[in-house]
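Just below is one structure, and these are the notes that go with it.
Reminder, nothing fancy here: chain letters follow the sequence lines and each chain counts from 1.
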2 protein chains.
Amino acid sequence: MKPVRILIVDDHYIVVEGIRSLLQRVSAVEILGAASDAESCMRFLDRRIPDLILLDISLPHTSGIDLCKAIHEKYPRIRILGLSTFKEQSFVRNMLDNGASGYVLKNAGIDELMIAIQTAMKGGKYLSDEVAAALTDQQIDPAAPVITRREKEVLNLIAEGYTNNEIAGRLFVSVTTVDSHRKNLLTKFGAGNTAALVKLAVKMQII
Amino acid sequence: MKPVRILIVDDHYIVVEGIRSLLQRVSAVEILGAASDAESCMRFLDRRIPDLILLDISLPHTSGIDLCKAIHEKYPRIRILGLSTFKEQSFVRNMLDNGASGYVLKNAGIDELMIAIQTAMKGGKYLSDEVAAALTDQQIDPAAPVITRREKEVLNLIAEGYTNNEIAGRLFVSVTTVDSHRKNLLTKFGAGNTAALVKLAVKMQII
DNA sequence: CCAAAAATCCCCTTTTTACAGGATTGCCCC
DNA sequence: GGGGCAATCCTGTAAAAAGGGGATTTTTGG
């Protein structure tokens, strides 16, 4: 069986070295090289096509998510494994939506990494346990309440400093409607007033 | 010359492997081991004392900053080098304030890492160029206004959801005083109302 | 198709903020 | 020793938001 040829894309030298040293011992894979940003990655691909790319989500300039999309469009046959320290749901979602074959956390060991690579090469999708848990768990912050689309819209406008009146104008609804949403938000967040509501919402990433 | 004995504290396996593989080739250092969180780090220190600890700032449970403080208090002779992907000023400041001898980004190469280690062992402080630049830049957000101690106090209480009345009670001042501070805050932040004020303040790290 | 959830609307009262003006004290630095 | 700033206090009006009730209509998911 031919080894899986891999390109590493990560701007953290130490991480690249870590992966390299881990995978070096495994005969089933061959490291073709490493790129530190989107541009050098694309330039690399002009010359050599790996079977799989280990792609960090947080890159300078272009984000890993955008790069993932670009690679997937131009080279649909290359498998892409997301790689990061974050288990944020939104990133995972974005990566998967943009053609990634999985998502591995940087605290993964060699075993997990190999399973992820093999799963991806077979056409499957691999997610680290914690990542999968975060995905099904829905909420990142367990304290974060479930709010509706409309409520989120209103919440954003409130945080922007608009009054109920102005929000009503923007959303083409009555002031009382906006007021209802606002009251629901206060209840859902357990906030006593707008200030506390906004603070919680910002802290919980929602805004 | 005796090699510098090093403990690595990082919850990302890949990063640990990366550092290990980088430093393995250098005879001037000896890796004693690695810990993945604050607890196992402290347990390690109960038995063996390294000369220097490479400490990730983002750890599970206890943050690297708190751990840094704890180590420095209990073992003041151990040098500590902060390690992270973030160049945020506040973290750097916190690390240095808590006894760290420097701060290295994870995209550092072997050369930089060795210089940092040697500088730290000689009693100096090493900062990555980017980190130093961020530090001298002073303001993270140039738009962040200068607010007084009292204003900050009031701002925090506002964000906690206290009304002017309640704040006045807590600070043992009149309601009108609190109202003045609030008005000044609104002006300084260029916010039209409390909601916008709180959002800006949270986003600008002030809260 | 039907029930639950979401979105919409309404009334009324009280409390809190926003806005527009000041004014006074104390303290630090040049 | 005087200017500047921070912190304190004031009066008054107008505008929002909070609190506590409902009620109706769309959506949407099973």
Where along residues 159-173 of chain B does a heavy atom fall under 4.0 Å from DNA chain C?
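Going residue by residue through residues 159-173 of chain B, the ones with a heavy atom under 4.0 Å of DNA chain C turn out to be B/Tyr162, B/Thr163, B/Asn164.
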
In this structure, how many angstroms lie between the [atom2] atom of [N] and the [atom1] atom of [X], rounded?
X        : N      : atom1 : atom2 : result
A/Arg149 : D/dT27 : CZ    : P     : 11 Å
B/Arg182 : D/dA16 : CZ    : P     : 16 Å
A/Phe189 : D/dA18 : CZ    : P     : 14 Å
A/Leu157 : D/dA17 : CG    : P     : 12 Å
A/Leu186 : D/dA18 : CG    : P     : 5 Å
B/Ile158 : D/dA17 : CD1   : C1'   : 15 Å
A/Asn184 : D/dG22 : CG    : P     : 15 Å

[X] side chain near [Y] side chain, heavy-atom distance below 4.5 Å:
X        : Y        : value
A/Arg182 : A/Glu151 : no
B/Leu55  : B/Cys68  : yes
A/Val4   : A/Ile6   : yes

Starting from the 5' end of DNA chain C, give me the residue, B/Ser180 or B/Gly192, whose nearest nucleotide shows up first.
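Nearest nucleotide further toward 5': that of B/Gly192.
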
At the 4.0 Å heavy-atom cut-off to chain B, mark where contacts on DNA chain C begin and end, going 5' to 3'.
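For DNA chain C, the relevant span reads C/dT16 to C/dG21.
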
Under 4.0 angstrom, heavy atoms only, what part of the nucleic acid is [X] near: base, sugar-phosphate, or nothing?
X        : result
A/Thr194 : sugar-phosphate
B/Ser174 : sugar-phosphate
B/Thr148 : sugar-phosphate

So which heavy atom on A/Ala191 is nearest to which on A/Leu200, and how close?
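So the two residues come closest at CB-CD1, 4.3 Å.
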
